[in-house]
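Read the numbers this way: they start at 1 and go in the same order the structure lists the ligands and their atoms. Worth knowing before you read on, the calculation uses all heavy atoms, side chains too, and leaves out hydrogens, waters and symmetry mates.
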Amino acid sequence: MKINKHYLELENSYLFKTVAKKAADYKNEHPEADIIKMGIGDVTLPLPECAVKAMGEAVSEMGKKETFHGYPESFGEDFLLSAIKSHYEKIGVKVDTDEIVATSGAKEDVANILDIFSDDVTVLIPDPVYPVYLDTNIMAGHKVIFSEANGENGFLPMPDGSKKADIIYLCSPNNPTGAAYDYDSLKKWVDFALATGAVIFYDAAYEMFITDDSPRSIFLIPGAERCAIEFCSFSKTAGFTGVRCGYTVIKKELTSDGVRLLDLWKRRQSTKFNGVSYIVSRGAAAVFSDEGEKEIRENIAYYRENTKMMTEAFSSLGFTYYGGKNSPYVWLSCPFGMKSWEFFDFLLEKCNVIATPGEGFGSCGDGYIRLSGFGTHEKTREAMERIKRVCSDYTLK
Ligand code: PLP
């Protein structure tokens, strides 16, 4: 048999698994340790009530002959697409329902979209960034080049004429750094993509966390309809990490040699995906109702309190950090001259706090760690107290 040898080029263990194993090993050796997890970007608040109610009603419908639903629509139920369309309208973006494809999540989408591109593409990936972009391109055997994000560019790399690619990944607000592009910077990327014939994969999974006037969709930039694909998700917006629902937007204007990329994506989806379940679709649509938006704003405000506690603690320690403002993540420059995994071990052993080492998101992430604001207030406060106690002592040594 012949396997896909590119899988052998992947790092042995996926970042979060390595973190989980280190934490489990530590717990085995120190069963008494009260470990606070601030590593994985999973949510902790339960689903918004409106989504629970809508899904409950949908379950009842499924249990009755008259209202039972079989396979869902491949590209999304009409009521869900309309809800997503109206969400876009609220942020000033006009999108037709047939330009939206509902899916089971943004992770799947950023991976699966590669199916519609040629095998010999070159992709430009920010470093550091959500590791799925890199791994999926390694799996596909694509040529990967990186745009370096660092303290100097505020973790927002800009187009560089020497780095031309067929596909440009942008993640804004960024996971892990929390940095978000403003209108002018994003426009430079759109202009660059149009000038070079590239397509931008725009991951807006954290758009709801934006607090300033950074664009919440790439389609707010003129010309993006001809060069961008947007990925979004209910995961962080509405706590759907375990429910699974996302959406991809491709405007009809995005073409290659007269072929609409939207049509290719739909062709791919109708062959390989059987649609978002009716129950989940009802829950997701409820999230974008007026009542739902109110509830999710409250949840996001709760997480924002956590990032505020974190940034206040780090400011009081004189630490350098990024993010936290437009994002549930705080990106901390490791103090005491430590590298990422070194500071990870330090936090685990001295504070019993788990963070995510920055280098797991790319080599430019070395020297940083990511802390997540998705925990509870109590745990976040406790973690920050421990870090303040240990680190202020440590500085004195
Ligand atoms: N995109 C980014 C940037 C993420 O950080 C994540 C999850 O952490 C995802 C996509 C995955 O979203 P989903 O849960 O919809 O698959």
Side-chain angles (χ1 to χ4, degrees), residues 14-17 19-20 37-45 47 51 76 80 84 87 100-114 125-137 149 155-156 167-181 200-210 214 216-218 228-249 269 273 276-277 280-281 283-284 287-288 296 299-300 303 307 323-324 326-331 355-356 358 360-362 365 370-375:
Y14 189 62
L15 168 73
F16 296 112
K17 289 208 177 120
V19 168
K37 293 182 184 163
M38 299 190 73
I40 299 177
D42 203 350
V43 292
T44 51
L45 291 174
L47 294 171
L80 174 57
I84 296 169
H87 176 69
I100 305 167
V101 177
T103 66
S104 58
K107 184 183 200 175
E108 293 86 318
D109 295 350
V110 293
N112 294 335
I113 194 80
L114 294 175
I125 299 182
D127 174 3
V129 87
Y130 184 48
V132 174
Y133 309 159
L134 176 61
D135 283 1
T136 50
N137 278 286
F155 286 96
L156 292 168
I167 296 171
I168 297 169
Y169 286 79
L170 297 179
C171 179
S172 182
N174 180 279
N175 174 13
T177 68
Y181 282 106
I200 295 176
F201 286 1
Y202 192 73
D203 187 339
Y206 297 94
E207 58 95 3
M208 283 294 286
F209 287 82
I210 292 178
S214 303
R216 285 176 49 190
S217 162
I218 196 163
I229 297 179
E230 183 155 294
F231 303 93
C232 211
S233 167
F234 289 89
S235 284
K236 309 300 160 81
T237 298
F240 269 44
T241 52
V243 177
R244 309 303 303 144
C245 192
Y247 47 97
T248 304
V249 179
Q269 289 297 91
F273 181 61
V276 178
S277 91
V280 169
S281 302
V287 165
F288 284 156
I296 58 177
N299 288 359
I300 288 169
Y303 295 134
T307 47
N326 288 321
S327 151
Y329 302 121
V330 177
W331 182 243
T356 309
F361 299 96
R370 188 195 75 177
L371 288 141
S372 161
F374 282 128

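The side-chain hydrogen bond (donor to acceptor under 3.5 Å, both in side chains) test with T103 singles out one residue from T248, D109, N112, and that residue is D109. The residue from Y169, Y133, F201, Y206 that alone fulfils the ring pair (Phe, Tyr, Trp, His ring centres under 6.0 Å) condition with F231 is F201.
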One line per pair, note the atom names and distance for all nitrogen or oxygen contacts under 3.5 Å between ligand 1 and the protein.
{"residue": "ligand 1", "atom": "1 (N)", "partner": "D203", "partner atom": "OD1", "Å": "3.4"}
{"residue": "ligand 1", "atom": "1 (N)", "partner": "D203", "partner atom": "OD2", "Å": "2.6"}
{"residue": "ligand 1", "atom": "5 (O)", "partner": "N175", "partner atom": "ND2", "Å": "2.7"}
{"residue": "ligand 1", "atom": "5 (O)", "partner": "Y206", "partner atom": "OH", "Å": "2.6"}
{"residue": "ligand 1", "atom": "8 (O)", "partner": "Y206", "partner atom": "OH", "Å": "3.4"}
{"residue": "ligand 1", "atom": "8 (O)", "partner": "K236", "partner atom": "NZ", "Å": "2.7"}
{"residue": "ligand 1", "atom": "14 (O)", "partner": "S235", "partner atom": "OG", "Å": "2.5"}
{"residue": "ligand 1", "atom": "14 (O)", "partner": "R244", "partner atom": "NH1", "Å": "2.9"}
{"residue": "ligand 1", "atom": "15 (O)", "partner": "A106", "partner atom": "N", "Å": "2.8"}
{"residue": "ligand 1", "atom": "15 (O)", "partner": "S233", "partner atom": "OG", "Å": "2.6"}
{"residue": "ligand 1", "atom": "15 (O)", "partner": "S235", "partner atom": "OG", "Å": "3.3"}
{"residue": "ligand 1", "atom": "16 (O)", "partner": "A106", "partner atom": "N", "Å": "3.3"}
{"residue": "ligand 1", "atom": "16 (O)", "partner": "K107", "partner atom": "N", "Å": "2.8"}
{"residue": "ligand 1", "atom": "16 (O)", "partner": "R244", "partner atom": "NH2", "Å": "2.7"}

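Scanning for salt bridge (Lys or Arg N to Asp or Glu O under 4.0 Å) contacts around E230 gives an empty result, with sequence neighbours left out. Among residues two or more places apart in sequence or in another chain, the ring-ring contact (aromatic ring centres under 6.0 Å, His included) test is passed with Y202 by none. Applying the salt bridge (Lys or Arg N to Asp or Glu O under 4.0 Å) criterion to R370, with sequence neighbours excluded, gives no partner residue.
In this pair, F288 and F234 present their aromatic rings tilted. The plane angle is within the 30 to 60° band.
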